[in-house]
Novice: 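Below is the structure I would like to discuss, written out as structure tokens.
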Amino acid sequence: MRYSEMFLPTIREVPSDAESVSHQLMIRAGMIRKLTGGIYSYLPLGYRVIRKVEQIIREEMNRAGAQEVFMPAVQPAELWQESGRWDMYGKELLRFKDRHMREFCIGPTHEEVVTDLVRNEIKTYRQLPRNLYQIQTKFRDEIRPRFGVMRCREFGMKDAYSFDADWPGADKSYDKMFEAYSRIFTRCGMKFRAVEADTGNIGGSFSHEFMVMAETGEDAVIFCSNPGCGYAANLEKAEIAGPESPGAAEAMKPLEEVHTPDVRTIEEVCAFLGVKAEDIVKTLIFVCDGKPAAVLVRGDHEINEAKLRSYLKCDSLELAADDVVLNVTGSPKGFAGAIGVKADVVADYSLMHMKNFVMGGNREDYHVRNANLERDFRVKAFADLRFATPLDRCARCGSPFEFARGIEVGHIFKLGTKYSKAMKAVYLDSDGHEQYMVMGCYGIGIGRTAAACIEQNHDDKGIIWPMSVAPYHVIITPVNVNDSGLAKASEEVYGALLARGLEVILDDRDERAGVKFNDADLIGIPLRVTIGPKRLAEGKVEVRERKSGETKVLAVPAALDYITDAFRREVDIKCFE
RNA sequence: CGGGGCGUGGCGCAGCCUGGUAGCGCACCUGUUUUGGGAGCAGGUGGUCGUGCGUUCAAAUCGCACCGCCCCGACCA
């Protein structure tokens, strides 16, 4: 493509409303433009990258035996009522009515539609397993879209759904997708880790997230430092080694109420009473499916709501409002404790052996010292309810954890029979008995993958595309298009590279060399051929690699071969043989 | 939804406090000189100052309301 004819508006200045590197660069490189909050257009350059990512996904999904379908974005409410998610999904689900006042939504995901499709067509174990996938636009009315295409409301997603006759089969389908995802993100040129994750409102028994490692990632992940163990998980999910063994027996001291006027936070309590955060027990009141619950953790720990939600097995969970706190504890916020609280009490494992601790007094401006389990209050159950800290140890092997940040580009779930039961997706087994299909579902955010790729592959001049997803492989930069010799040579190189099947930009704009070099760097084309008067007089051109900055001066035929080799070398996936 | 910030040519901003002429850089158009890392000179196009109501002789500027956007929290590919 000739640059002079392209719709490629690059921007020199950093847009003021873009925060993350990938967001800034996607706008500056003319890949995307915002239509409205969380809704973006892809311009030609951006869309080429999207199509490259999609193509890699297609190839790997097909290789793994999945088949591509295309399901509707608009979905009837009845299906969602059948699965129970019409009421559960919340405000993220964009709902509307048609002219007959029938209710619909725009699909944020497609478990309902695909389950409906499969239950109507698959009748026997002989037709299983099947894996159907699509690449399609989803809409999730996110509370706060941000970072451009990284977290937006309308976005492209590859979603796949597997249907198996039994659990071992479903495990096999899951493993195949795990393998396919690993190949996909490797081919996209990214460093990633698969980590165990919380299943959220998709549901199911088990899941892995594919995390692209980046300091700017929204997710915290932990890894076991022992390579032989290999445990890795989202911080939300990360299991902490169970209760420690009891320390030296300490005698219980008498409970003592202390006046602590206007002392509410852990920091304030520490300062006022001269105690350490780990000597305090923090009491938070939650409302779980309409019922209050008091949750206890040590003062230096944070409650993990995802763990709490899964432990309590509740659909809705939120911190209690002020009036509920007053009602349950008898005091305003800041003085809640477990003694005499009008709610079930659950506590983190770390409390099991605590003695003589400080906690809220359930009375305004009072705390208590020397509180003790059993003697002063009862805990209904102990569980792992908090976030891991750098002091914690791996639950599997006892080694220390390492912390990192990542961007969730893919998520695979073992759904089990959640949807097949709710929607009666059944088949007849070889004995003629009706059985529920065992499902899995597997998502990849397309735009997010492209954005994550930029987060990992850029420098201060712009994007550095891996060859496999680059919008073009080569850009030819004649230093001066008004020089007829340079123009002619550029056209020849352009034609020759196209003939070799490469995707090429010829920067035929009447701009100064510096402008063209900067644009080429910004949009991140992996290889640049510079054609200038001095080299050309010797029949030579320069080939520069974007990533390394390495420049080779070569005669034209040698340059063509070098470029072709570099292309093959980088797109070739050696890592899988 | 709660907390914070911002809306002024396409982009980045100043002006607002202390009401009275809309201004700067980049981009864009014309001419000219230039041509290997974002050129120089000369001339030029383009703005309902987010929207509405109010205060005032007079509002980008003061007040109120609304809308939009960005950042921080609960969601997720």
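Bear in mind the structure is a predicted one, so any value in this text is a computation, not a measurement. Just so it is clear: chains get the letters A, B, ... in the order the sequence lines come, proteins before strands, and each one is counted from 1.
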Novice: Under 4.5 Å between any side-chain heavy atoms of A:Ile39 and A:Phe139, yes or no?
Specialist: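 Of all side-chain heavy-atom pairs linking A:Phe139 with A:Ile39, at least one is under 4.5 Å.
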Novice: Using a cut-off of strictly less than 4.0 Å, decide whether A:Arg512 has a side-chain nitrogen or oxygen near OP1 or OP2 of B:rG38.
Specialist: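 Result: no.
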Novice: In whole angstrom, give me the gap between the C1' atoms of B:rC28 and B:rU45.
Specialist: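 Here B:rC28 and B:rU45 have their C1' atoms 8 Å from each other.
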Novice: So A:Tyr442 and A:Asn131, do their side chains get closer than 4.5 Å, heavy atoms only?
Specialist: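 The answer is yes; the side chains approach within 4.5 Å.
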Novice: Should A:Arg12 be listed as having a side-chain N or O under 4.0 Å from OP1 or OP2 of B:rG12?
Specialist: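 For B:rG12, neither OP1 nor OP2 has a side-chain N or O of A:Arg12 closer than 4.0 Å.
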Novice: Would you indicate what A:Asp483 reaches in the nucleic acid, counting non-hydrogen atoms under 4.0 angstrom: base, sugar-phosphate, or nothing?
Specialist: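 Nothing, no heavy atom under 4.0 Å.
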Novice: Write down the distance between CD (A:Glu236) and P (B:rA77), rounded to a whole number of angstrom.
Specialist: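 Rounded to the whole Å, the gap is 11 Å.
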Novice: Report the C-alpha separation of A:Phe178 and A:His208 in whole Å, then their side-chain angles, then the decisive distance to 0.1 Å, and conclude whether the ring pair (Phe, Tyr, Trp, His ring centres under 6.0 Å) test is met.
Specialist: CA-CA 8 Å; A:Phe178 190 102; A:His208 278 99; 5.1 Å; yes
Novice: If I take atom CD in residue A:Glu13 and atom P in nucleotide B:rA14, what distance separates them, rounded to the nearest angstrom?
Specialist: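 To the nearest whole Å, that distance equals 13 Å.
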Novice: Of the candidate nucleotides B:rG73, B:rG36, B:rA77, which contains the atom at the shortest distance from the side chain of A:Glu408?
Specialist: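 For the A:Glu408 side chain, the nearest candidate turns out to be B:rA77.
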Novice: Would you kindly give the CZ-to-C1' distance between A:Arg448 and B:rC75, to the nearest whole Å?
Specialist: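 Going from CZ in A:Arg448 over to C1' in B:rC75 covers 11 Å.
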Novice: Applying a 4.0 Å non-hydrogen cut-off, can you work out what A:Val409 is touching in the nucleic acid: base, sugar-phosphate, or nothing?
Specialist: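 Result for A:Val409 = sugar-phosphate.
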Novice: Is any side-chain heavy atom of A:Phe96 closer than 4.5 Å to one of A:Cys105?
Specialist: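 Answer no - side chains too far apart.
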Novice: Taking only side-chain N and O atoms of A:Lys34, does any of them lie within less than 4.0 angstrom of OP1 or OP2 on B:rC70?
Specialist: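 Checking A:Lys34 against B:rC70: at least one side-chain N or O falls below 4.0 Å of OP1 or OP2.
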Novice: Does A:Ser16 have a side-chain nitrogen or oxygen under 4.0 Å from the phosphate oxygens OP1 or OP2 of B:rG12?
Specialist: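 Indeed, a polar side-chain atom of A:Ser16 lies that close.
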Novice: Please classify the nucleic acid contact of A:Gly514 as base, sugar-phosphate, or nothing, using heavy-atom distances under 4.0 Å.
Specialist: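 Sugar-phosphate, no base atom in range.
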Novice: Between B:rG19 and B:rC57, how far is it from one P atom to the other, in whole Å?
Specialist: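 My reading of the P atoms in B:rG19 and B:rC57 gives 15 Å.
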Novice: Just the rounded figure in Å: distance from C1' of B:rC75 to CZ of A:Arg153.
Specialist: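 After rounding, the gap between these two atoms is 14 Å.
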Novice: Say you pick atom C1' in B:rA59 and the same atom in B:rG50; how far apart are they, in whole Å?
Specialist: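 Result for the C1' pair: 16 Å, nearest Å.
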Novice: Kindly say if A:Arg544 contacts the phosphate of B:rG36, meaning a side-chain N or O under 4.0 Å from OP1 or OP2.
Specialist: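 So the side chain of A:Arg544 is outside the cut-off, no N or O lying under 4.0 Å from OP1 or OP2 of B:rG36.
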Novice: Look at the side chain of A:Arg146 and decide which nucleotide, out of B:rG36, B:rA77, B:rC72, has an atom nearest to it.
Specialist: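 Side chain of A:Arg146 sits closest to B:rC72.
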Novice: Report all side-chain donor-acceptor pairs from residues 514-523 of chain A shorter than 3.5 Å, counting only partners two or more places apart or in another chain.
Specialist:
unit_1, atom_1, unit_2, atom_2, d
A:Lys516, NZ, A:Pro478, O, 3.0
A:Lys516, NZ, A:Asp507, O, 3.0
A:Lys516, NZ, A:Arg509, O, 2.9
A:Asn518, OD1, A:Lys461, NZ, 3.1
A:Asn518, ND2, A:Gly514, O, 3.0
A:Asp519, OD1, A:Thr10, OG1, 2.9
A:Asp519, OD2, A:Arg509, NH1, 3.1
A:Asp519, OD2, A:Arg509, NH2, 3.1

Novice: Can you identify which nucleotide, out of B:rG38, B:rC72, B:rG36, has its nearest atom closest to the A:Pro533 side chain?
Specialist: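 Closest nucleotide among those given: B:rG36.
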Novice: Regarding A:Gly37, tell me which of base, sugar-phosphate or nothing describes its non-hydrogen contacts under 4.0 Å with the strands shown.
Specialist: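 Sugar-phosphate only.
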Novice: Provide the distance between the two C1' atoms, one in B:rG4 and one in B:rC62, to the nearest whole Å.
Specialist: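 One C1' to the other, the span is 23 Å.
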Novice: Can a donor-acceptor pair under 3.5 Å be found between the side-chain atoms of A:Asp521 and the base atoms of B:rG37?
Specialist: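 Looking at the base of B:rG37, it does pair with a donor or acceptor on the side chain of A:Asp521 (distance under 3.5 Å).
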Novice: Answer yes or no: side-chain N or O of A:Glu542 and base N or O of B:rG36 forming a donor-acceptor pair under 3.5 Å.
Specialist: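 Check passes, donor-acceptor contact within cut-off.
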Novice: Just to be sure I understand the rule, does A:Asp219 reach a base, reach only the sugar-phosphate, or reach nothing, if contact means heavy atoms closer than 4.0 Å?
Specialist: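 It contacts base atoms.
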Novice: Answer yes or no: does atom NZ of A:Lys176 have more than 12 heavy-atom neighbours from other residues, nucleotides or ligands under 6.0 Å?
Specialist: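 Incorrect, the count does not exceed 12.
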Novice: Rounding to an integer number of angstrom, what distance separates B:rU56 and B:rG12 when you compare their P atoms?
Specialist: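 Nearest-Å result for B:rU56 against B:rG12 at atom P: 37 Å.
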Novice: I want to check something: taking the side chain as every heavy atom from C-beta on, are A:Lys138 and A:Asp159 in contact at a cut-off of under 4.5 Å?
Specialist: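 Yes - at least one pair of side-chain heavy atoms lies under 4.5 Å apart.
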Novice: In this structure, how many angstroms lie between the P atom of B:rC69 and the CD1 atom of A:Ile39, rounded?
Specialist: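 Going from A:Ile39 (CD1) to B:rC69 (P), I get 9 Å.
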Novice: What integer number of Å spans the P atoms of B:rU8 and B:rC69?
Specialist: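 About 14 Å, rounded to a whole number of Å.
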Novice: Over how many whole Å does the gap from A:Leu8 atom CG to B:rG10 atom P extend?
Specialist: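 In whole Å, B:rG10 P and A:Leu8 CG are 21 Å from each other.
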Novice: Return the value, rounded to whole Å, for the distance between atom CG of A:Asp507 and atom C1' of B:rG38.
Specialist: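 To the nearest whole Å, that distance equals 13 Å.
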Novice: What is the base-pairing partner of B:rU32, counting Watson-Crick and G-U wobble geometry with both distances under 3.5 Å?
Specialist: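 Its partner is B:rG40 (Watson-Crick or G-U wobble, both distances under 3.5 Å).
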Novice: Which residue lies toward the 5' end of RNA chain B, A:Glu19 or A:Met157, if each is placed at its nearest nucleotide?
Specialist: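 Nearest nucleotide further toward 5': that of A:Glu19.
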Novice: So, does A:Thr109 get its side chain near the phosphate of B:rA77, meaning an N or O under 4.0 Å from OP1 or OP2?
Specialist: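 Answer is no, no contact under 4.0 Å.
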Novice: Using a cut-off of 4.0 Å on non-hydrogen atoms, how would the nucleic acid contact of A:Cys152 be classed: base, sugar-phosphate, or nothing?
Specialist: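 Base contact.
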Novice: Need to verify one output field. Residue with the more 5' nearest nucleotide on RNA chain B, A:Arg144 or A:Phe517?
Specialist: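 Closest to the 5' end, via its nearest nucleotide, is A:Phe517.
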Novice: Considering only atom P, compute the distance from B:rA65 to B:rG2 and round it to an integer number of Å.
Specialist: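 Taking atom P in both B:rA65 and B:rG2, they lie 14 Å apart.
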Novice: May I ask which nucleotide in the shown strands pairs with B:rC11, Watson-Crick or G-U wobble, both distances under 3.5 Å?
Specialist: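 With both distances under 3.5 Å, B:rC11 matches B:rG25.
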Novice: Expressed in angstrom and rounded to an integer, what is the separation of A:Gln134 atom CD from B:rA77 atom P?
Specialist: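 The distance from CD of A:Gln134 to P of B:rA77 comes to 15 Å, rounded to the nearest Å.
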Novice: Does the B:rC71 base have a donor-acceptor partner in the side chain of A:Asp17 within less than 3.5 Å?
Specialist: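 No, the side chain and the base share no sub-3.5 Å donor-acceptor pair.
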Novice: Between B:rC53 and B:rA14, how far apart are the C1' atoms? Round to whole Å, please.
Specialist: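 Straight-line distance between the two C1' atoms is 28 Å.
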